Amino acid sequence: MNRPVRRVAVLGGGISGLSAAHRLVSTPGMEVVVIEASNRLGGKIKTSDFDGRQVDEAADAFLTRGGQVEGLCRELGLDSQLVTPATNRAWLWKGDRLHSFPLGLALGVPLRPLSLLGSPLVSPRGALRAAADLVMPRTTGSADVSVARLVRRRLGVEVSSTLVEPLIGGINAGRAECLGVSATVPRFATASERSSSLIRGLRSEIATPSTGGRAAEGPPPPFLGLRRGMEQMVHALESTLREHGTDIRLGWRVAAAARAGGGWILSRQAGDRTLEGGLRDGIQVIGHHPTDTILADGIVVALPAWEAAKVLGGVSPLGSSLLGAIPYASVAMLTMSYDSSMSYDSSSSGQPAPVGSGFLVPAGEHRSVTACSWTSSKWPHLGRPGELLVRASVGRWRDGAALMLSDDALVKAVHRELQVVMGLAEPPTASRVTRWDRAFPQFGVDHGDLVARITRAIGATGPVELAGAAYGGVGIPSCVQSGFGAADRLLARL
Ligand SMILES: Cc1cc2nc3c(=O)[nH]c(=O)nc-3n(C[C@H](O)[C@H](O)[C@H](O)COP(=O)(O)OP(=O)(O)OC[C@H]3O[C@@H](n4cnc5c(N)ncnc54)[C@H](O)[C@@H]3O)c2cc1C
């Protein structure tokens with residue numbers, strides 16, 4: 001006997017929601033509706049024209065570890081668009097100069113700590129202290145701790161604040177002091193279980209990078225991007241979903257999810273009529289779906305946690321308050337183009353030429369910029385002769401002062417900082433500021449327990465699954481994985 005058609009609503013058209021929908025549509029007898037509040041799909045994956053070429057406004061690459069995103073891109077027919085960064089040589093801001101990041105680091109942890117001897121970034125005493133990790137007894141206690149605390153205990157304060165903080169803090173727009181090890185850097189947790197020494201544990205987990213033959217460059221970059229920007233992935237997912245007859249509702253902000261029979265009724269936020277018919281700016285717009293409710297047998301909630309908290313507040317006050325407890329950091333991404341022949345003068349500034357992927361700025365340097373990509377050298381297909389294209393990130397957890405500036409003031413402030421370390425004499429010839437409000441969930445100590453409590457509370461209300469950056473990781477691979485996982489679990493429940 002044929003099973004009746006089941007209808008699933010995916011709330012949120014970011015990469016997590018689209019991945020869930022992609023998985024769902026391949027199941028026979030499944031009707032899928034994707035509900036997105038804004039007038040575009042992709043959420044925090046966004047690519048747009050900057051001075052005549054497609055440049056990402058947020059994510060510009062994904063980690064290839066696990067292979068899932070690369071596999072998805074290939075499945076979506078994007079093989080020819082996959083592109084590897086030309087370099088992974090990174091620099092670090094210290095004392096108003098850029099220093100080359102030492103080779104052989106695993107998320108900031110030196111796998112050969114004595115190779116730090118002679119580095120301008122870590123004192124000889126700091127390098128020896130890091131090496132002590134190899135002989136120190138196992139740190140007792142199985143409780144989750146902050147990343148900074150673990151690394152400080154094992155390798156000392158210098159490695160923690162100079163090498164680990166900018167990498168882990170930079171990836172998460174957070175502070176290693178507040179981010180929990182288990183959820184933020186599970187590899188550190190596994191390594192610590194595997195060996196009494198963090199370094200040895202990491203060494204046995206990863207093949208130690210070989211520097212032979214690539215000494216200046218380090219191992220091949222573990223990242224891939226897309227030639228015309230990460231949004232290509234969103235467009236490809238959208239096409240596949242439409243081919244499968246998915247109902248995609250843009251401009252439909254879910255206000256609340258309530259139980260209806262064995263399923264769900266979703267209601268739309270009052271006054272949210274952005275895509276309905278009528279005259280707008282003198283143009284007759286054909287209306288889409290002017291309904292105020294959507295019925296579904298099951299739902300995947302792929303929204304930022306603070307938004308999921310609102311939508312699910314009526315069915316699970318406990319789940320909602322736990323969701324609302326996940327903190328978020330806001331950031332801005334500045335894209336700036338410089339005339340390198342006019343404004344970049346490495347010989348007079350004595351600063352290193354921008355050879356490499358860019359630089360990170362430790363929180364202790366008290367700068368607005370947290371990281372800067374030398375986009376034209378990282379992605380040569382985006383470069384033009386005589387031009388230096390950069391993308392600079394601003395804002396981290398509990399440090400949003402620079403984000404209060406107007407766009408113009410922010411560009412000037414960031415330019416002044418780039419001037420210090422890159423010897424840029426002239427202001428940028430073109431610039432763009434993209435603001436990402438409450439964009440990076442912060443995984444504190446015991447985040448895993450918090451997520452388990454949320455999942456229990458929300459899961460008890462009916463056929464609903466959560467997906468998104470707030471639960472298992474902010475990177476695109478984790479988001480894709482969370483979407484696939486949520487879809488599979490929901491299918492098992494329906
Ligand atoms: C500046 C920046 C740089 C980044 N760089 C990288 C990188 O290089 N590599 C990497 O792997 N990751 C990067 N990330 C992280 C990664 O891009 C994000 O974690 C990921 O895209 C989040 O996807 P998501 O689907 O979980 O959430 P979102 O993209 O936030 O999607 C949620 C969607 O839900 C919609 N929505 C919200 N409320 C409602 C509602 N009530 N009803 C209906 N729809 C609603 C939103 O409009 C949005 O489209 C970066 C992020 C930022 C901000």
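Atoms within a ligand are numbered from 1 in the order they appear, just like the ligands themselves. Note that this is a predicted model, so its numbers are computed, not measured. Along the sequence shown, residues are numbered consecutively beginning with 1.
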Inset, instruction - Please state whether Trp252 comes within less than 4.0 angstrom of ligand 1, counting heavy atoms only. - result: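 Yes; Trp252 lies near enough to ligand 1 that a heavy-atom distance drops under 4.0 Å.
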
Legend entry - Option nearest atom 3 (C) of ligand 1 (shortest heavy-atom distance, choices Gly43, Ala59, Ala371):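 Looking at heavy atoms only, the winner is Ala59.
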
Inset, instruction - Can you pull out the closest protein heavy atom to atom 16 (C) of ligand 1? Residue, atom name and distance to 0.1 Å, please. - result: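 The closest heavy atom on the protein side is Val474 O, 3.4 Å.
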
Inset, instruction - Write out the residue and atom name of the closest protein heavy atom to atom 48 (C) of ligand 1, then the distance separating them to 0.1 Å. - result: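 Residue, atom and distance for the closest contact: Glu36 OE1, 3.5 Å.
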
Heavy atoms only, cut-off 4.0 Å: how does [X] contact ligand 1, side chain, backbone, both, or neither?
{"X": "Lys44", "result": "both"}
{"X": "Ala302", "result": "backbone"}
{"X": "Ile35", "result": "backbone"}

Legend entry - CG on Leu318 to CZ on Arg453, rounded to 0.5 Å: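 It comes to 7.0 Å.
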
Inset, instruction - Rounded to the nearest 0.5 Å, what's the gap from CG on Leu226 to CD on Glu231? Could you check? - result: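 These two atoms lie 11.0 Å from each other.
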
Legend entry - Mutual orientation of the aromatic rings belonging to Phe359 and Trp93 [parallel < 30°, tilted 30-60°, perpendicular > 60°]: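 Answer is tilted, since the angle falls between 30° and 60°.
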
Legend entry - Contacts of type side-chain contact (heavy atoms from CB on, under 4.5 Å), residue Val411, not counting sequence neighbours: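 Here the qualifying residues are Leu334, Met336, Pro428, Ser431, Val433.
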
Legend entry - Residue pairs fulfilling ring pair (Phe, Tyr, Trp, His ring centres under 6.0 Å) with at least one residue in residues 392-418, sequence neighbours excluded: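 Matches after skipping sequence neighbours: Tyr338-His415.
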
